[in-house]
Enquirer: 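To start, I am sharing the structure in question, which I have written as structure tokens.
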There are 2 protein chains.
Amino acid sequence: MTFETLSTNRSFGGTQGVYAHDSAETGTRMTFSVFVPDHAPGAKLPLIWYLSGLTCTHANVTEKGEFRRACAELGLIFVAPDTSPRGDGVPDDAEGAYDFGLGAGFYVDASEAPFARHYRMRSYIERELPALVGNHFPVDMDRQGIMGHSMGGHGALTISLRNPGRYRSTSAFAPIVAPSQVPWGHKALGGYLGQDRARWAEYDACALIDAGARLPDLLVDQGEADNFLAEQLKTYLLEEACARAGQSATIRLQPGYDHSYYFISTFMADHLAWHADRLK
Amino acid sequence: MTFETLSTNRSFGGTQGVYAHDSAETGTRMTFSVFVPDHAPGAKLPLIWYLSGLTCTHANVTEKGEFRRACAELGLIFVAPDTSPRGDGVPDDAEGAYDFGLGAGFYVDASEAPFARHYRMRSYIERELPALVGNHFPVDMDRQGIMGHSMGGHGALTISLRNPGRYRSTSAFAPIVAPSQVPWGHKALGGYLGQDRARWAEYDACALIDAGARLPDLLVDQGEADNFLAEQLKTYLLEEACARAGQSATIRLQPGYDHSYYFISTFMADHLAWHADRLK
């Protein structure tokens with residue numbers, strides 16, 4: 001696992017770095033970014049995982065997420081992984097579509113050929129990358145929060161629901177909440193896991209909540225002008241699942257906001273403050 | 001001058017738009033972005049011009065500048081033009097270099113063939129675009145500030161120095177302060193204006209100050225780890241010119257910071273607050 005620093009830039013009184021390593025899980029070189037605020041020597045800081053959406057790499061939120069000021073003020077380390085394996089030999093969508101294959105790992109461990117070898121984003125995010133980050137950065141692994149956008153919101157919700165107690169705080173921007181019930185999810189879960197829908201449930205936030213998984217709390221912001229809201233996101237399904245389960249959740253609809261980083265950046269500092277409150 | 005809205009996105013309680021129009025000055029279609037915070041009906045807001053650096057379009061600062069939160073809080077309209085004419089028939093650097101031609105208009109009105117026809121960024125920024133912005137957006141043209149980065153810092157300084165009283169506030173990130181004395185400037189001013197260096201002086205901030213031009217005040221931030229500092233930026237020349245002239249100026253060297261938007265975004269809110277103080 002050769003760890004390499006690709007770049008570091010001073011920003012907001014901290015260091016924004018981009019790093020790469022050979023992943024045993026995905027069998028590829030993986031790139032991710034980490035922001036580390038200046039801190040007292042020897043201090044260990046809480047960390048926030050940010051999982052990105054379809055088509056993204058680590059770079060989108062790193063450049064456009066506007067998280068550094070808040071992370072510096074709140075003393076949070078911010079880690080942004082890639083959204084899929086990449087490179088020669090990694091199979092892509094047969095037609096090169098944006099919603100499957102490269103840039104669209106959906107945070108699953110694939111079981112179906114030809115994807116099973118490299119598409120292991122669940123294990124990568126749940127196990128391999130945390131170990132690497134814990135070894136190389138001044139993080140307090142007892143104080144982790146997780147958040148994400150769209151497909152990455154799906155990732156944040158499902159990973160947190162499957163690992164009770166690991167993440168003290170969970171939030172999402174415009175998450176896919178019920179992939180079993182929408183076209184993006186049908187394509188991705190069907191392609192990576194096969195057509196037995198019983199195997200999809202552990203990758204479906206609403207199904208996990210219905211099956212008894214719980215979070216300490218949950219914050220979601222969703223733009224009302226989001227083009228994907230009606231067909232792919234269906235936020236009301238999460239509201240209904242939380243209501244059925246008695247799951248504490250703050251789910252806010254934001255008038256006028258769309259699916260872009262113009263929306264995410266607007267509410268980023270608010271989410272980070274919410275996480276920080278739960279990580280102190 | 002057909003004015004067109006290319007996109008609008010709600011962000012930070014305002015509207016981030018991208019617009020295009022046919023420019024009479026450049027003879028090309030020009031794209032620019034405008035952020036308008038929500039405001040009382042009929043209100044006219046102060047506006048900030050942001051001039052970008054080499055290779056940039058309006059998009060760089062619009063995506064990575066982190067200006068919207070501060071503009072929304074301070075009630076500032078933020079306008080980001082392109083850095084050169086573009087399109088079929090617009091001559092570029094003979095070897096396609098990044099520091100001349102497309103993306104490198106240097107905010108001059110060119111006199112030399114083949115650039116004189118289209119490269120009229122001075123008149124575009126000083127006259128044509130302000131008239132357009134004044135017609136289409138709720139701006140108070142008596143309360144304008146101007147800022148820029150690198151080549152755009154050069155643009156902001158020289159445009160403000162040549163138009164006393166028009167801009168109540170002027171600031172820059174890592175500006176080119178004396179193009180007559182550095183390689184970027186030799187190439188650009190020589191190429192656009194010819195080799196008679198007397199004609200360069202009106203496009204050289206230090207020369208303008210030496211010739212008696214003054215600003216009410218000036219704020220500059222410069223990263224000490226900026227790769228261009230020693231050869232191209234030479235901030236000390238501005239410090240010396242201001243000292244000779246008795247020009248009020250705050251010129252800050254920021255340890256560890258480089259030339260990127262990781263630097264700019266760090267100090268953006270601070271600059272905008274400084275402008276707002278002078279625009280109230």
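Note that the structure is a prediction, hence the values are computed from the model and not measured. Order of the sequence lines sets the chain letters (A, B, ...), proteins ahead of strands, with each chain counted from 1.
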Enquirer: Determine the option with the most heavy-atom pairs under 4.5 angstrom with chain A, choosing from B/S260, B/G223, B/G256.
Expert: B/G256
Enquirer: By number, which residues in residues 266-280 of chain B have some heavy atom less than 4.5 Å away from chain A?
Expert: B/T266, B/A269
Enquirer: With no hydrogens and no angle check, is any side-chain donor or acceptor of A/Y257 less than 3.5 Å from a backbone partner on B/G13?
Expert: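 Yes, A/Y257 side chain to B/G13 backbone: donor-acceptor pair under 3.5 Å.
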Enquirer: Give, as side chain, backbone, both or neither, the part of A/T15 having an atom under 4.5 angstrom from any heavy atom of chain B.
Expert: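 No part of A/T15 comes within 4.5 Å of chain B.
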Enquirer: Considering all heavy atoms of both residues, which atom of B/S11 and which atom of A/Y262 are nearest to each other, and what is their separation?
Expert: OG-O, 2.8 Å
Enquirer: Above 12 or not: heavy atoms from other molecules or residues under 6.0 Å from CG of B/N227?
Expert: no
Enquirer: Tell me, for B/Y261 versus chain A, whether the close heavy atoms (under 4.5 Å) come from the side chain, the backbone, both or neither.
Expert: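 Neither part.
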Enquirer: Identify which part of B/N9 has an atom lying under 4.5 Å from any heavy atom of chain A, answering side chain, backbone, both or neither.
Expert: both
Enquirer: Checking heavy atoms, do the side chain of A/Q16, its backbone, both or neither come under 4.5 Å from chain B?
Expert: side chain
Enquirer: Looking at B/Q254, B/R69, B/E66, which one has more heavy-atom pairs under 4.5 Å with chain A than the rest?
Expert: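 Option with the top pair count is B/E66.
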Enquirer: Contact part of B/T62 toward chain A, heavy-atom cut-off under 4.5 Å: side chain, backbone, both or neither?
Expert: both
